[in-house]
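Note that the structure is predicted; figures quoted are calculated from it, not measured. The sequence lines fix the lettering, A, B, ..., with proteins before strands; numbering per chain opens at 1.
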Number of protein chains: 2
Amino acid sequence: MTRTKYDKIYRDLKDKIENKVYAYQDLLPSEYTLVEQYECSRNTIRRAIANLVSEGYVQSLHGKGVRVIYDPYQQAEYILGGVETFKESSIRNKKVYGTKVVCFQELIVDKEINKMTSIPEGTEIYYIQRLRLLDEKVLIIDHNYFRRDVVKHLTEEIANGSIYEYIENELGENIVTTKRFMTVEKANVNDEKYIGLNGYNCVAVINNYTFNAKGIMFEFTQSRHKPDSFVFFDQAQRIKKH
Amino acid sequence: MTRTKYDKIYRDLKDKIENKVYAYQDLLPSEYTLVEQYECSRNTIRRAIANLVSEGYVQSLHGKGVRVIYDPYQQAEYILGGVETFKESSIRNKKVYGTKVVCFQELIVDKEINKMTSIPEGTEIYYIQRLRLLDEKVLIIDHNYFRRDVVKHLTEEIANGSIYEYIENELGENIVTTKRFMTVEKANVNDEKYIGLNGYNCVAVINNYTFNAKGIMFEFTQSRHKPDSFVFFDQAQRIKKH
DNA sequence: TGGTATTTGTCCGTATGTATC
DNA sequence: GGATACATACGGACAAATACC
């Protein structure tokens, strides 16, 4: 696992911020200081910092420095931001996770599925329905639609583990981009069957479009979340107006 | 409004993608071709492209080119992604928007407010409750908490317009970073009073922490959304594992 | 199968502009 | 005004992935 220089610096700085070597509201050492510390060019430092900015760890202040705005106190338990798999976020939050495959089918995209997934009609797909459990409670029902011409030889056994791990490790596909739309929908019979709704009559829904390294949308996933344990984190910069 | 070179190129490319000069699944002209077209360095082109990548317009394919993955068909009506104000997104979606101030108060942060907002106890704040309407329907109830030492001289009149416009134009503050947590909560009496819930017993909640250019968190806003017209868009890249 | 051209990715050094103190 | 620090922009070099002959 060879990493790039800027990625190493980015991870090191991130680690130091999380461990309060650089604490909330501190300024990082100046770019030129970091250039000397890491023995690299200023561009490389700036790139590492740019990554931290995009993840909401720091904020650049023109003429002043780079301020840490990562506040451990504000970090919620079930952060799902970025493109993190269920397993990864479970591990990070030190919970016991589980997956249960409820349905595993090979289908051909019809009009209805095309409308929902944007996958062309007639395409051969896998349709998988999975329950995602955390500490033995069902938190999410996932409905996966994978293009069979991209994700080949999927089995129920693989689906019981992490499909993304399979795709990345076995098929060598690099998942690169995802687009997500979050909405709130009334709970259907299937939701009520599996999810403890705690008096809610709805679920949080994430519709997820995934593009592989070739720019082909090869997956659509609808995740239906238990509403009272759903948290989505997002971080954004507003473009300055001069 | 002087803009940077890379920003102009970014906007021009974005415009061409939206108008299908470069259509879905096309490759952009190569970086060196764009260097000649825009008469600039390759770094400048790469920066413009990086912005398009981060907004989910294109995807870079090593050794191959830059593919357009912006699909007009997939764009939802009420996209609220990025840091876009209610007014801006209303205009973009060609709707008649409105704002109504329900409550305007000057308060001092107590324990309860501190727990919710992370603003230190004892800080002087404005508390404003506003209804956000689109085509005369209440879509959002906003609860704003502004630090008075940063946002000075706020009035009910200003709150009736765009507070962000006021902050940016009048106070010269550049809003730079926001962190958001999205959850689903049971509707309270206040929600039921104003929002047409259409049979839902809950609302979509966005808790929003805003940092100004000095890195100070000067605002907390809780937005409670009508669940059946809430859509949140998000776009993310997964870091490659080699 | 292999070599070459193309295209994006990483990294460096330098110069100039602009904001803060 | 001067020193410091981030922002923009240029140009060059080499690596890595892909396409094509």
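- Residue B:T44 has no polar side-chain atom (N or O) positioned under 4.0 Å from OP1 or OP2 of D:dT8.
- For B:R42 against C:dG9, a side-chain N or O and a base N or O form a donor-acceptor pair under 3.5 Å.
- Distances shown here put every side-chain N or O of B:T4 at or beyond 4.0 Å from the OP1 or OP2 atom of D:dA7.
- Nearest to the side chain of A:K64, among D:dG11, C:dT20, D:dC6, sits C:dT20.
- A residue-by-residue look at A:R47 and B:T33 shows that B:T33 has its nearest nucleotide of DNA chain C further toward the 5' end.
- Contact annotation: the side chain of B:P120 approaches that of B:R147 to within less than 4.5 Å [non-hydrogen atoms, C-beta and beyond].
- With sequence neighbours left out, the side chain to side chain donor-acceptor pair (under 3.5 Å) criterion links A:T221 to A:N144, A:E219.
- Taking only side-chain atoms of A:S41, from C-beta outward, the nucleotide of C:dT8, D:dA7, C:dC12 with the closest atom is C:dC12.
- Judged by distance alone, with hydrogens and angles left aside, the side-chain atoms of A:Y126 form a donor-acceptor pair with the main-chain N or O of A:H153 at under 3.5 Å.
- The distance between atom CG of A:L61 and atom P of D:dT4, rounded to the nearest whole Å, is 19 Å.
- A close approach under 4.0 Å does not occur between any side-chain nitrogen or oxygen of B:Y6 and OP1 or OP2 of D:dA9.
- Rounded to a whole Å, the CG atom of A:N43 is 12 Å from the P atom of D:dA7.
- Rounded to a whole Å, the CD atom of A:Q59 is 19 Å from the P atom of D:dA5.
- Nearest nucleotide to the A:S60 side chain, out of D:dA7, C:dT7, C:dG13: D:dA7.
- Among the protein residues, B:Y32 comes within range of the nucleic acid bases, having at least one heavy atom under 4.0 Å from a base atom.
- At a cut-off of 3.5 angstrom, counting only N and O atoms as typed in the model, there is a donor on one side and an acceptor on the other between the side-chain of A:H62 and the base of C:dT18.
- Between A:K5 and C:dC12 there is a side-chain N or O to OP1 or OP2 distance below 4.0 Å.
- No side-chain donor-acceptor contact under 3.5 Å links B:R180 to the backbone of B:N208.
- Atom CD1 in A:I45 sits roughly 13 Å away from atom P in D:dA7 (whole-Å rounding).
- Base contact: A:R46 has a heavy atom under 4.0 Å from a base atom.
- Distances were taken from every side-chain heavy atom of B:C40 (C-beta onward) to each of C:dT10, D:dC10, D:dA9; the shortest belongs to D:dC10.
- To the nearest angstrom, P of C:dT6 lies 16 Å from CG of B:L27.
- In this structure, B:E31 atom CD and D:dC10 atom C1' are separated by 15 Å, rounded to whole Å.
- Side-chain atoms of B:T99 and B:N160 form no donor-acceptor pair, as typed in the model, at a separation below 3.5 Å.
- Between A:L34 atom CG and C:dC11 atom P there is a gap of 16 Å when expressed in whole angstrom units.
- Environment of CD in A:E157: sparse, with no more than 12 heavy atoms of neighbouring residues, nucleotides or ligands closer than 6.0 Å.
- Across the protein-nucleic acid pair, B:Y10 atom OH and D:dT8 atom P stand 14 Å apart, rounded to whole Å.
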